[in-house]
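Chain naming here is simple, since letters A, B, ... match the order of the sequence lines and numbering starts at 1 in each. Note that the structure is predicted; figures quoted are calculated from it, not measured.
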2 protein chains.
Amino acid sequence: MMIFKPSNTKFYHLLVDLPETDFNGMEELLISYIKSKISITDEELATILSCFRPMKVKKNELLLTDGQSSQRTFFVVKGCVRIFFINDEGQDSTRYFAFENQFATALVSFITSEPSEEFIQAVEDSEVYYITHKNFYHLLEIVPQWEKFYRIYLEIAYVTNTKRLMSFLIQDALEKYRQLLDENPIIVRRLSNKMVASYLNISQETLSRLKSKL
Amino acid sequence: MMIFKPSNTKFYHLLVDLPETDFNGMEELLISYIKSKISITDEELATILSCFRPMKVKKNELLLTDGQSSQRTFFVVKGCVRIFFINDEGQDSTRYFAFENQFATALVSFITSEPSEEFIQAVEDSEVYYITHKNFYHLLEIVPQWEKFYRIYLEIAYVTNTKRLMSFLIQDALEKYRQLLDENPIIVRRLSNKMVASYLNISQETLSRLKSKL
DNA sequence: TTTCTTTTTTGACTCAAGTCAATGTTTTAG
DNA sequence: CTAAAACATTGACTTGAGTCAAAAAAGAAA
């Protein structure tokens with residue numbers, strides 16, 4: 001078994017060199033997220049953390065544009081990012097919003113290494129951690145529990161997406177909106193109508209009419 | 001490396017007791033499928049195979065009905081099974097067809113252990129192998145490579161479903177049909193109009209009209 | 001504050017695809 | 001082989017949600 005003594009240089013470095021960046025507690029959020037999914041030793045945790053880098057993004061900034069292959073997975077510490085794609089007529093559909101304490105990846109491209117049809121964009125000024133595709137897959141090889149972490153991540157992503165698929169197949173606009181209010185009200189409370197419409201895959205006008213009906 | 005000679009008793013048993021059941025080559029198909037995804041030792045393979053059981057199903061027979069929790073994963077050796085669900089008006093939407101050499105699972109329920117909203121049904125007289133949920137998760141613990149096998153399975157399932165989700169969001173009926181002809185013509189060639197319509201989530205009448213246009 | 005931009009709302013009109021219904025056609029079971 | 005059931009096609013009509021357009025409201029910038 002490999003012996004790995006983590007140096008915490010990186011984190012102190014951050015605190016010293018980037019004092020204006022309030023990343024205090026950032027690692028803690030990521031650490032507790034990881035620990036909630038798998039049990040790992042301190043050295044494994046250190047190996048994992050050493051692969052993540054902090055990053056700040058302004059509202060509307062793109063973290064991934066289409067055509068690029070998805071090379072990073074993001075963990076949102078503050079703010080919100082969305083994963084979306086654009087159809088032939090130029091309208092966008094949002095597949096997923098990641099708020100604080102959630103991961104966001106253009107998973108299809110991340111998995112297949114093909115150019116992404118999806119974009120990732122900050123919906124608010126945000127603070128995220130990212131890990132590169134290369135490091136992510138490297139971790140799969142050197143940290144056995146990371147395979148399990150990724151498996152659990154995939155399970156959650158699969159369930160989320162499949163439920164979403166089913167919702168689109170059997171619900172009309174009003175039903176989708178009601179379910180969103182019921183299951184994910186933060187999206188309605190915190191984001192613009194435009195974002196909500198994009199998430200429900202209906203026009204803004206239709207959403208506006210739905211709201212006046214309730 | 002340990003030498004492990006798996007007993008073929010189970011399989012010979014089948015051949016002797018169920019001579020009318022032509023399961024020849026069944027194991028081979030499953031074995032080569034597994035080997036195409038992961039590299040494993042003979043003893044690990046034997047452990048895995050010992051968890052699978054063969055089974056025959058007649059056309060239209062249900063392998064899983066809704067409300068049950070999904071307790072089995074199926075591997076199709078011959079025939080075809082579909083995974084579908086039913087909306088409030090009683091219409092069904094097919095999420096996936098598994099033909100020969102493919103796995104079929106009501107994955108959401110399999111993952112969450114909640115009652116399934118999905119049904120699994122034989123579309124043709126079929127021969128399948130199945131593994132129970134319990135054995136499947138047991139394998140995750142005792143065969144390290146099985147974790148990888150499952151991860152790869154999840155990756156493929158995720159990509160398939162997400163592409164399908166995107167297709168429903170941006171394509172109209174004609175585009176969906178054309179893409180199906182292009183990417184999955186076996187579904188059109190081999191299955192009834194009704195099944196195809198259910199897969200595209202359009203009415204049979206609409207499908208019929210589309211066909212006369214091409 | 002005031003201006004400028006972006007978002008939201010509302011109305012009038014359109015259209016893709018659904019429903020209902022009638023008629024053929026194929027499959028299945030006895 | 002025949003009857004019954006299931007499936008496929010076609011026509012007439014309906015409808016949920018989109019588009020276009022214009023006005024009102026809300027945010028952002030200066």
Side-chain angles (χ1 to χ4, degrees), chain A residues 58-62 79-80 82 84-94 97 121-126 167-181 187-214, chain B residues 57-62 79-80 82 84-94 97 119 121-126 167-181 187-214:
Chain A
K58 288 269 171 224
K59 181 172 177 175
N60 294 328
E61 206 172 309
L62 289 173
C80 175
R82 68 173 182 137
F84 70 105
F85 54 94
I86 296 184
N87 70 12
D88 302 331
E89 285 86 42
Q91 295 155 320
D92 67 66
S93 295
T94 297
F97 290 112
Q121 181 185 43
V123 175
E124 305 170 347
D125 289 353
S126 303
S167 145
F168 282 124
L169 293 183
I170 65 181
Q171 296 182 311
D172 64 17
L174 182 58
E175 289 170 328
K176 285 189 283 185
Y177 182 58
R178 281 207 170 114
Q179 183 177 312
L180 184 64
L181 278 176
I187 290 176
V188 179
R189 276 204 316 274
R190 193 159 147 180
L191 305 178
S192 69
N193 239 343
K194 193 179 175 179
M195 287 292 135
V196 174
S198 167
Y199 187 74
L200 296 175
N201 207 47
I202 61 179
S203 70
Q204 291 176 62
E205 293 93 326
T206 297
L207 177 58
S208 179
R209 291 183 177 111
L210 289 179
K211 287 170 79 174
S212 68
K213 268 190 209 159
L214 287 183
Chain B
V57 275
K58 289 265 172 228
K59 181 172 176 173
N60 293 329
E61 205 172 309
L62 288 173
C80 176
R82 68 173 181 138
F84 70 104
F85 55 93
I86 296 184
N87 70 11
D88 303 330
E89 285 86 43
Q91 296 154 320
D92 67 65
S93 294
T94 298
F97 290 111
F119 300 74
Q121 181 185 41
V123 175
E124 305 170 347
D125 290 354
S126 304
S167 146
F168 282 123
L169 294 184
I170 66 179
Q171 295 182 312
D172 64 19
L174 182 58
E175 289 171 328
K176 285 188 284 185
Y177 182 58
R178 281 208 169 113
Q179 183 177 312
L180 184 64
L181 279 176
I187 290 177
V188 179
R189 277 204 316 272
R190 193 160 149 180
L191 305 177
S192 69
N193 240 343
K194 193 180 175 180
M195 286 294 134
V196 175
S198 167
Y199 186 74
L200 296 176
N201 206 47
I202 61 179
S203 68
Q204 291 175 62
E205 292 93 328
T206 296
L207 177 57
S208 181
R209 290 180 179 113
L210 288 180
K211 287 169 77 176
S212 66
K213 267 189 211 162
L214 287 185

| request: Would you give the length of the straight line joining atom CG of B/L191 to atom CZ of B/F97, rounded to the nearest 0.5 angstrom? | output: 5.0 Å
| said: Once rounded to the nearest 0.5 Å, what's the spacing between atom CE of A/M195 and atom CD1 of A/I187? | reply: 11.5 Å
| message | Using side-chain heavy atoms (C-beta onward) and a distance below 4.5 Å, is B/D88 in contact with A/E175? | response | yes
| query | Considering all heavy atoms of both residues, which atom of A/T94 and which atom of A/F84 are nearest to each other, and what is their separation? | reply | CA-CB, 3.7 Å
| Taking side chain as C-beta onward, heavy atoms only, is A/V188 less than 4.5 Å from A/L180? | yes
| note | chain B reaches DNA chain D, atoms under 4.0 Å from its heavy atoms, from D/dC7 to D/dA12
| remark: Between its two end axes (five pairs each) the helix from C/dT1-D/dA30 to C/dG30-D/dC1 turns, nearest 10 degrees, through 60°
| request: List the protein contact pattern of nucleotides 24-30 of chain C with one symbol per nucleotide (5' to 3'): B for base contact, S for sugar-phosphate-only contact, - for none; contact means a heavy-atom distance under 4.0 Å. | output: ----S--
| field | Nucleotide-resolved protein contact map, nucleotides 10-18 of chain C, B/S/- at heavy-atom distance under 4.0 Å | value | BBB----SS
| query | Under the side chain to side chain contact (heavy atoms under 4.5 Å, CB included) criterion, do A/R82 and A/Y199 qualify, and how do the steps go? | reply | CA-CA 9 Å; A/R82 68 173 182 137; A/Y199 187 74; over 6 Å; no
| message | Strictly distance-based, threshold 3.5 Å: is any side-chain N or O of B/D125 a donor or acceptor partner for the main-chain N or O of B/K58? | response | no
| Which pair of heavy atoms, one from B/G79 and one from B/S126, lies closest together, and at what distance? | CA-OG, 3.5 Å
| Reported CD-to-SG distance for the pair B/Q121 and B/C80, which is rounded to 0.5 angstrom | 10.0 Å
| said: According to side-chain contact (heavy atoms from CB on, under 4.5 Å), who are the partners of B/I202, at least two apart in sequence or on a separate chain? | reply: B/A173, B/K176, B/A197, B/L200, B/T206, B/L207, B/L210
| message | Is any side-chain heavy atom of A/F85 closer than 4.5 Å to one of B/L169? | response | yes
| request: Among residues two or more places apart or on two chains, list those pairs meeting salt bridge (Lys or Arg N to Asp or Glu O under 4.0 Å) that have a residue in residues 188-210 of chain A. | output: A/E100-A/R190, A/E124-A/R190
